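Keep in mind it's a predicted model, so treat the numbers as computed, not measured. Every chain is numbered from 1 and lettered A, B, ... according to where its sequence line falls, protein lines coming before strand lines. Below, all heavy atoms of this structure are taken into account, side chains as well, without hydrogens, waters or symmetry copies.
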Amino acid sequence: MAKQKNAPRAAKKKPLKRKKDTSVIKTVRGLLYKVIGFVLLVGLAYILYLDYIVRSKFEGKRWELPAHVYASPVEVYQGLALSAKQFEKLLQDLNYQQTTHQRLTPGSYRRSGSAYSLRTRSFNFFDGQEAAKTVNIFFHAGSVQSIKNTLTNALEPLLRFEPVQVGSFYSSHKEDRLLIKFNDVPQTLIDGLLAIEDKGFHQHHGVSIKSIARAFWVNMKAGSVVQGGSTLTQQLIKNFYLNAERSLARKVKEALMALIIEFHYEKNEILEAYINEVFLGQDGERSINGFAMASVFYFNTPLHDLKPHQVALLVGLVKGPSYYDPRRHPERARKRRDLVLDEMVRQGVLPHRQRQMAKSHALGISLVKKISHARFPAFLDLVKRQLSREYDDEDLRSSGLNIFSTLDYRIQTTAEQLFKQKLTTLNKKYGIEKGKLQGAMVITRRIGGEIVAIIGDKNPRFSGFNRALDAVRPIGSLVKPAVYLTALSQPSNYTLTSFVDDTSITLKQRSGERWQPQNYDHREHGPVMLQEALVHSYNLSTVRLGMALKVPMVKRTLEELGVRREIKPYPSLLLGSLSLSPLEVAQMYQTFAGEGFFSHLRSIQSVSSVDHKALQGYPLAVQQVANPSAVFLVNTALQQVMLKGTGQRAYQHFPNHFKVAGKTGTTDGLRDSWFAGFTGDYLAVVWLGLDNNKPSKLTGSSGALEVWSSVMKAISKEPLQLNKPNDIVFEWVDPDGYRANQLCSDAVQYPFISGSAPKEPSPCIDPVTRTLERAGSWFNNLINDH
Amino acid sequence: MNAKLLFPALLLLFLSACVDMSMYHQVPAPVGQVGQNVYTPTQQSTETTEVFALESPDTIQPIAYETELLSSQNPAVIALLEGAQNKSERGEYDVAVLTLERAVRISPSDPKIWHALANARFSQSQYEMSISLAKKSNMLAKNNRVLQRDNWRLIAENFTRLGQPDAATRAIDSAKRLF
């Protein structure tokens, strides 16, 4: 029994040890499983997280695309007043290349005397696509004689050129790119890209062990990093999702994401993303991203028009856009390009023959486009303000909007040049402290109110305080036409020949203070006709007239004309103690120029989305706000201002028969020099003064009018032809205000609203004629009686 | 009425014999006399002349042909008007309006373009704007009674839609007064 007892005890010990061993192993194993499981779980979670990032960015709004602002497109038609010289300047502004080749590519032209052969570039406008056309244009005597489509052999009624890009709104990253769809990418580019950067693109699944191994081997041999083993997919991940950080952890993340993206998306989609993403150059602040943008940046040509040697250069840039910059390192760029061409031939994606031809080409790099992203800061400022009412800032800067503005490139550049010149001249001539004379100018189309040019600084390119929009200054005599319009809107009380007393007047204000306005020449002129008072800008008669009309009535007229700022209805308003910006003044005078029709001044014609879908049109709108007949009377007086009054100086620039209308404005102590005036085609407002509000020594006539005349002479082609409303009649009036006829000496013809002309005959009409006239008008009345 | 007419008529006849009243000398156009042919470039200049019947007394001026512009309408403008018409027919009024604006920039004083704009706005139910545009067209359509009448009729339609029947009636009257 004892022996039996011992045996089991001895037997027990072994299993106990084994049990202990197993349980340790089991625990360790269990722990190991748990750890592995935990790691796998974390890994899975991480992969899911990466998966989420990859997909959401790939499918969401991928890139921040800047908004592009275009000038108003130039439309050429038979009869347009445009000289051959101006036309050639336009082609140069649009970066057309002059050539002698027979075959014309889009954006090139041939010239033979005053005949041009050109092929335009197509463009997507708001109202549809303007197809590329090959045309012959003939010029004669400063205008377009004919436009012939060489393909159809028919006359082309209208040719709309693509608009000049005048600015962009970038997001904070300042990436510039043009989106391109995979189907629009030229095959040469794809072939070249894969040949150089990722031969096995179509075979691998995101990461290529072969490439990594090969790169490893090559780098080992070379002793440094000479080859990258990254696939295009990995490069995309790096640029699109990550940054250039180089660490093993980053490499692993990159590899995982590359596998994920390949899992979800087609090769073509990935390639398309790469082609749009890749960094290919730097231009000052903005970076050039994507091949489509690079094509324009380096060659001024759309991607689909590139030749093999150009494509090869771009492909070569991928490895190092700064190192191989063709503008800074042309030799390196050329060698790299030729290497790319060789490799393409070697891999059979480029015919051998084409290689020689390609290599024989020079680099062909165009000059950097001179138009920076903010060439016209004052105008762009207004565009942004008008847009920000409807688009929030982020959308504006990153949705790739196409903004078609009303800017006229030719007018803006001409105006800028002349404005600068004139200010320098005036600065010197009047001994104003050097460089202190400042100014602003706004130019609009007389009909419709489109703003064609804005200048906000004596140095128009300067992007600082925009005086055209923000310099709010007293308008002085510019207010007077509103006073006279108020009067002339009451034809039974006032006509152009009604008399007002230009005699001294003292007004006592509620505060007890006295106001005693003075004429500019400190004289009283006695009784003067309304027209004369306006033409010579007399203060005393204007105040008397305004007080008789009651100041709130004048205030109402101003509001109807389009002044939206708060107006204080004090008597001093009558002499212009109302502060407005040049743009606001332009808005007010636009209604005169529009002959009683108000048009809101606008800087934008339309907005399209990045894929050229029409988003918003800002169309022409007119609204009759004043009696056109009364406005006609004021406008004829404003023409007299220019012929006989304070605006005479204009005719030192214009020929005598060229009719213009306008008003000078000068404020106290010559602090502000204003002029607002219009011709048949344009309205312009000029302000000159000093920022510190000190006297500028310039009157409206000696300062602003000089600038106005100089610019308008250069840009305006049509004299003013007012439309006479049906109820306006012209009558002869003698200097004392009596009805006369053309036989009377000193009699002048004035326009009158029918029924308001003076009835009392002048002594210069003899009795017989007077009787006959009476009989005649009686007869006429009978005939017209129903 | 007749008695009133007699005395001044006699007086005039008497005086016209003695004094040259060039300002008030009116020779009524007798029936059958050749009138003035106004050419438009679309017409061929022929030697045939038109005969004007004497109208009722309240329209003393000769009838003007549709010569809103004595110079031919710019082919560019014609092309744009056609384009705008096509777009309007397809209901793309926004686009039609912008096309018409291009035409305005080329020929700002052509009343036909403004009339087309007024029509487009009417189709978009923008009645106030349509009225303003039609008025603008009328201001420019001095010699074109047909166009003026069309403008007034359009203005009347707009007023009707705006629920202003009195204004509409007045506009219809203006149209009637033209012919």
Please classify the contact between [X] and chain B as side chain, backbone, both or neither, with a heavy-atom cut-off of under 4.5 Å.
X        : result
A/Gln605 : both
A/Phe125 : neither
A/Gln624 : both
A/Arg160 : side chain

Can you confirm whether [X] sits close enough to [Y] that some side-chain heavy atom of one is under 4.5 Å from a side-chain heavy atom of the other?
X        : Y        : value
B/Ser109 : A/Gln721 : no
B/Met139 : A/Pro725 : no
A/Phe126 : B/Thr99  : no
B/Ile106 : A/Leu80  : no
B/Arg102 : A/Leu158 : yes
B/Val77  : A/Tyr77  : no
A/Phe597 : B/Leu133 : no

For a side-chain contact (heavy atoms from CB on, under 4.5 Å) check, start with the C-alpha distance between A/Asn723 and B/Leu140, then their side-chain angles and the critical distance, and finish with the verdict.
CA-CA 7 Å; A/Asn723 284 296; B/Leu140 300 164; 3.2 Å; yes
When you look at A/Glu450 and B/Arg105, which way does the salt bridge (Lys or Arg N to Asp or Glu O under 4.0 Å) test go after all the steps?
CA-CA 10 Å; A/Glu450 288 189 337; B/Arg105 260 174 241 127; 2.8 Å; yes
So what's closer than 4.5 Å to chain A heavy atoms on B/Leu80: side chain, backbone, both or neither?
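The side chain, not the backbone.
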Find the one option among A/Gly79, A/Gly596, A/Ala614, A/Pro619 whose heavy-atom pairs under 4.5 Å with chain B are most numerous.
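Heavy-atom pair counts peak at A/Pro619.
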Might you point out which heavy atoms bring A/Pro157 and B/Ala76 nearest each other, and give the distance in Å?
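In this case the closest contact between A/Pro157 and B/Ala76 is O-CB, 3.4 Å.
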Under 6.0 Å from the NZ atom of B/Lys142, do we count more than 12 heavy atoms belonging to anything else shown?
yes
